[in-house]
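Here the structure is a predicted model, which is why all the values come from computation and not from measurement.
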Amino acid sequence: MLQVKLICVGKLREKFYIEAFEEYRKRLGAYCRLDCADIPEQRLPENPSDAQVKAALEREGAEILKAIPSDAYVTALCVEGRQVPSEAMAELIAGRENSGKPKLCFVIGGSFGLSDTVKNRADLRLSMSKMTFPHHLARVMLAEQLYRGFKIKEGGRYHK
């Protein structure tokens with residue numbers, strides 16, 4: 001069974017995000033072993049300088065890198081990433097299942113994104129949209145797209 005790990009900066013606090021994510025976690029249980037690691041978001045002043053943001057991202061990045069399984073295929077969600085259709089998620093899932101190393105890891109940064117170190121470690125940089133979303137919503141959206149990918153792969157009716 002495919003192992004999927006989400007590494008997310010920040011903890012879900014809003015009930016509606018938690019409930020939505022847990023619904024997809026439950027659905028995904030039939031298709032994969034899903035693990036989610038929360039990395040604490042670094043605190044910054046009200047108007048941080050570029051240097052303060054960079055330092056915070058590097059501290060978060062060090063924790064993210066520690067949480068990545070060594071043999072996982074890593075996808076970093078970032079604004080400069082590639083946009084792909086849902087069918088490409090199904091292909092990514094199928095590819096990892098057939099690779100002999102069935103581990104997928106997705107990384108979602110915090111309010112200021114991800115460090116260059118984390119992006120450079122990634123095998124794939126993925127963007128959900130040209131629009132900006134809260135990073136907590138991105139976690140829910142990613143879980144839904146993973147579920148959709150599994151349903152596409154099995155030929156289910158969920159994806160229309």
Side-chain angles (χ1 to χ4, degrees), residues 2-26 28 32-93 95-96 99 101-149:
L2 187 66
Q3 295 176 40
V4 178
K5 183 169 187 176
L6 308 184
I7 302 173
C8 307
V9 175
K11 185 171 177 64
L12 288 182
R13 298 192 194 304
E14 296 88 350
K15 183 179 177 186
F16 54 92
Y17 286 143
I18 294 168
E19 289 174 351
F21 180 75
E22 290 304 322
E23 175 62 29
Y24 286 109
R25 181 194 292 265
K26 181 177 76 176
L28 285 165
C32 67
R33 286 193 305 258
L34 180 64
D35 179 35
C36 192
D38 292 336
I39 304 295
E41 188 165 15
Q42 295 290 305
R43 293 191 181 267
L44 287 167
E46 183 75 26
N47 293 308
S49 69
D50 290 344
Q52 289 171 314
V53 169
K54 184 175 180 176
L57 289 178
E58 288 302 322
R59 288 190 299 272
E60 291 170 358
E63 293 303 310
I64 290 168
L65 292 174
K66 287 182 203 173
I68 295 174
S70 61
D71 57 347
Y73 184 90
V74 179
T75 300
L77 277 71
C78 50
V79 294
E80 69 274 15
R82 211 169 48 143
Q83 293 182 29
V84 299
S86 297
E87 292 82 2
M89 181 66 80
E91 291 171 13
L92 175 62
I93 290 166
R96 292 319 299 166
S99 72
K101 294 183 180 178
K103 290 185 182 177
L104 266 174
C105 182
F106 293 88
V107 182
I108 300 173
S111 302
F112 290 96
L114 293 168
S115 70
D116 288 338
T117 309
V118 171
K119 292 181 207 177
N120 291 334
R121 165 59 183 90
D123 298 294
L124 172 66
R125 293 180 187 187
L126 184 66
S127 173
M128 291 189 170
S129 171
K130 290 182 181 180
M131 292 186 278
T132 302
F133 299 105
H135 58 282
H136 297 312
L137 179 58
R139 185 185 312 201
V140 175
M141 292 169 61
L142 175 61
E144 190 281 334
Q145 283 299 295
L146 284 166
Y147 178 70
R148 183 178 298 273

Please output the side-chain donor-acceptor pairs of residues 3-21 that fall under 3.5 Å, not counting sequence neighbours, one pair per line with the distance.
| from | atom 1 | to | atom 2 | distance (Å) |
| --- | --- | --- | --- | --- |
| Lys5 | NZ | Ala67 | O | 2.7 |

Partners of Arg59 by salt bridge (Lys or Arg N to Asp or Glu O under 4.0 Å), sequence neighbours excluded? none

If you round to the nearest 0.5 Å, how far is CD1 of Ile93 from SG of Cys32? 7.5 Å

With a cut-off of 3.5 Å and sequence neighbours excluded, list every side-chain donor-acceptor pair involving residues 127-136.
| from | atom 1 | to | atom 2 | distance (Å) |
| --- | --- | --- | --- | --- |
| Ser127 | OG | Ser129 | N | 3.4 |
| Ser127 | OG | Ser129 | O | 3.0 |
| Ser129 | OG | Met131 | N | 2.9 |

Quick one, Arg125 and Cys78 - any side-chain contact, counting heavy atoms below 4.5 Å? yes

Contacts of Asp71 meeting side chain to side chain donor-acceptor pair (under 3.5 Å) (sequence neighbours excluded), chain-then-number -> Lys103

Minimum side-chain heavy-atom gap Leu124-Tyr73 below 4.5 Å: yes

Not counting sequence neighbours, which residues clear side chain to side chain donor-acceptor pair (under 3.5 Å) with Asp123? List them please. none

Gly113 versus Glu60, closest heavy-atom pair with distance: O-OE1, 4.3 Å

Residues passing the ring pair (Phe, Tyr, Trp, His ring centres under 6.0 Å) test with Tyr147, sequence neighbours excluded, are Tyr158

Looking at residues at least two apart in the chain, or sitting in another chain, which of them share a side chain to side chain contact (heavy atoms under 4.5 Å, CB included) with Ser49? Ala51, Gln52

I'd like to check the side chain to side chain donor-acceptor pair (under 3.5 Å) partners of Arg121; sequence neighbours left out, ordered by chain and number. none

Interatomic spacing from CG in Leu77 to CG in Leu142 - rounded to 0.5 Å: 5.5 Å

Output the distance between atom CD1 (Ile64) and atom CG (Leu114), rounded to the nearest 0.5 Å. 5.5 Å

Please enumerate all residues that pass side chain to side chain donor-acceptor pair (under 3.5 Å) together with Arg33, with sequence neighbours excluded. none

Counting C-beta onward and ignoring hydrogens, is there a side-chain heavy-atom pair between Tyr24 and Leu146 closer than 4.5 Å? no

Side-chain donor-acceptor pair under 3.5 Å between Thr117 and Glu58, yes or no? yes

Who are the salt bridge (Lys or Arg N to Asp or Glu O under 4.0 Å) partners of Glu23, not counting sequence neighbours? Lys26, Arg27

Only counting residues at least two apart or in another chain, list the ones meeting side chain to side chain contact (heavy atoms under 4.5 Å, CB included) with Ala88. Val84, Pro85

Atom pair OG1/CG of Thr75 and Leu126 - distance to nearest 0.5 Å: 6.5 Å

So do the side chains of Val74 and Phe106 get within less than 4.5 Å of each other, counting heavy atoms only? no

Of the non-hydrogen atoms in Pro69 and Cys105, which two are nearest, and what is the gap between them? CD-SG, 4.2 Å

Quick one: which residue pairs count as a salt bridge (Lys or Arg N to Asp or Glu O under 4.0 Å) with a foot in residues 133-145, not counting sequence neighbours? Asp38-Arg139, Glu144-Arg148

How many angstroms lie between CD1 in Ile39 and CG in Leu65, if you round to the nearest 0.5 Å? 9.5 Å

Mind listing the closest non-hydrogen atom pair of Ala56 and Leu44 along with its distance? CB-CD2, 3.8 Å

Can any side-chain N or O of Glu41 pair as donor or acceptor with the backbone N or O of Ser111 at less than 3.5 Å? yes

